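Counting convention: from 1, in listed order, for ligands and their atoms alike. Predicted model only: the values in this text are computed from it and were never measured.
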Amino acid sequence: MRVSVISSVTCPVCGSFCDDIEVTVKNNVIIKVKNACAVGEAKFLNYATHRNVKPLIRKNGELVEASLDEAIQKSADILVDAAYPILYGWSSTSCEAIRVGLELAEEVGGVIDNTSTICHGPSILSIQDVGISSCTLGQLRHRADLVFYWGSNPWSAHPRHIDRYTTFSSGRFQASAWKGYLLRQSAILAKKRLSRAANLVLRRDVSAPPMMDRRLPYSLFRKERKMIVVDVRRTRSAELADYFIQVQPNKDYELLQAFRMLIRDEEIDVDEVAGVPVDVLEDVAYLMIGCDLGVLFFGVGLTMSEGKLRNIDAALSLVRDLNQRTKFLIMPMRGHFNVTGANVVFTWQTGYPYAVDFSQGYPRYNPGETSVVDILCRGESDAGLVIASDPVAHFPREAVSNLVKNPLIVIDPQVTPTSLMADVVIPSTFVGIETEGTAYRMDHVPLPLRKIVEPPGGCLPDEEILQRILHEVRKSRGRRN
Ligand code: SF4
């Protein structure tokens, strides 16, 4: 019986990409995980459930077992026969595999796109237009005294973000605001108890608390770190914050522009903007200008609501304006653990971060035209390769129906709705658990993915599978030319 404890493991789940995980392995099975959140722990402990272990090829409508050589050859044939294949996914694999994927896309004259296309693609477009004032998470941990989460819910989507990098972390120049939060929670609890008791005595209903308090709480004016959440609903992250601003759905652009006006000492001649009273906005703008180092983290609440990239334009411009008065930074809350790496490697290799079209023999980039969802909705592609992603579960219905009506190759360690619809399924290893590699955290810091356990026999890393397909594609094209 062999038990080993491996420390400094990186968690291959979300863009926080925590690198302080400790994993205990017994006889090649992960039996204990320390420091990870519930999502990370669930991945380490249950990754082997619903596992693809055998290559499959669809014959007479059924997926049947095949040899790896057969599956690789069939994949190469599909890609060589296609006039306009799409190669999609990439954000949950290593940078090394992504590099080979780009080579393959160029070889077959296809379109290669990553999951940015359905999450922070608008942020990338906007950053290309406006520019970004950003930094690393380490700098924020040590120095940020005012933290905004706008249109993002880190409590659920990046569970350790607040704890590791912002409000509840202890930095060199900033103390954790955890104690203040506990005090606030006790006060809220005491208030609730009192009103319940008053209720019982007076026998009357107590109305629900207002969604947004017009008066800024005292805690926002202390010297310690402060946290403000802007969202359309009161999320768990909003409960943790010192203050919650409830914006009307699809009105973030107006709210951001109103802040810009106030920062520049311009007057707003209406009483409220996007459902928020102007006197509240004035107080918050005053706080922004008065902080030592502020940061605005934003999520898909901004990128995927009405206005999309224009919302991000306004957010980036607000931060730029704030830098005339104080120091302020901004960062997108990237989703998958290596979606940033996908953008970085795409850019190294082609000059463009996503939605790259090689059909003309050189890389072209025009999201809206060359992005995979748009190509699928127009019914233009005639084959697909999906790697480390599940578009059948996440794409719009029209895109999915056009994706699955063409020959489809799926490279994935897990059984997913996409793999069940595929014509070829190639099982791969879990990067960060069974294979090492490199990934980029949301702040563009590269970190290593560790190999912790041996994969099942016959499962190869994504990089090797792609190399083998590329080799067969080159052989077939050589034969045909
Ligand atoms: S916050 Fe994200 S990266 Fe960190 S342990 Fe949780 S799932 Fe993993």
Original post:
Between Leu102 and Thr350, does a side chain to side chain contact (heavy atoms under 4.5 Å, CB included) hold up when you go through it step by step?
Top reply: CA-CA 8 Å; Leu102 284 152; Thr350 70; 3.8 Å; yes

Original post:
Identify the closest protein heavy atom to atom 5 (S) of ligand 1: which residue and atom is it, and at what distance?
Top reply: Cys37 N, 3.5 Å

**OP:** For atom 4 (Fe) of ligand 1, decide whether His161 has an N, O or S atom at a distance under 2.8 Å.
**Re:** no

Original post:
Where the closest heavy atom to atom 4 (Fe) of ligand 1 is concerned, which of Ala42, Cys18, Gly335 has it?
Top reply: Cys18

Original post:
What about Phe346 and Tyr365, are their ring centers closer than 6.0 Å?
Top reply: no

Subject >> salt bridge (charged side-chain N to carboxylate O under 4.0 Å, His left out) partner of Asp292, chosen from Arg143, Arg325, Arg225, Lys223 >> reply: Lys223

Original post:
Counting each atom of ligand 1 from 1 as listed, which ones have a heavy atom of Pro159 under 4.0 Å away?
Top reply: 1 (S)

Original post:
Which value, rounded to the nearest 0.5 Å, describes the distance between Leu449 atom CG and Glu434 atom CD?
Top reply: 12.5 Å

Subject >> Numbered atoms and elements of ligand 1 in range of Val13, under 4.0 angstrom, heavy atoms >> reply: 7 (S)

Original post:
What do you reckon, is CD of Gln257 surrounded by more than 12 foreign heavy atoms closer than 6.0 Å?
Top reply: yes

Original post:
Within a reach of under 6.0 Å around OH of Tyr286, are more than 12 heavy atoms found that belong to other residues, nucleotides or ligands?
Top reply: no

**OP:** Decide, counting backbone as well as side-chain atoms, whether Cys11 has an N, O or S atom less than 2.8 Å from atom 8 (Fe) of ligand 1.
**Re:** yes

Subject >> Nearest-contact summary for atom 1 (S) of ligand 1 - protein heavy atom, Å >> reply: Arg160 N, 3.4 Å

Original post:
What's the shortest heavy-atom distance between Ser371 and Asp113, and which atoms?
Top reply: CA-OD2, 3.5 Å

Original post:
In the protein, what heavy atom is nearest to atom 2 (Fe) of ligand 1, and what distance, to one decimal place, separates them?
Top reply: Cys14 SG, 2.3 Å

**OP:** Answer side chain, backbone, both or neither: which part of Phe17 comes under 4.0 Å from ligand 1, heavy atoms only.
**Re:** backbone

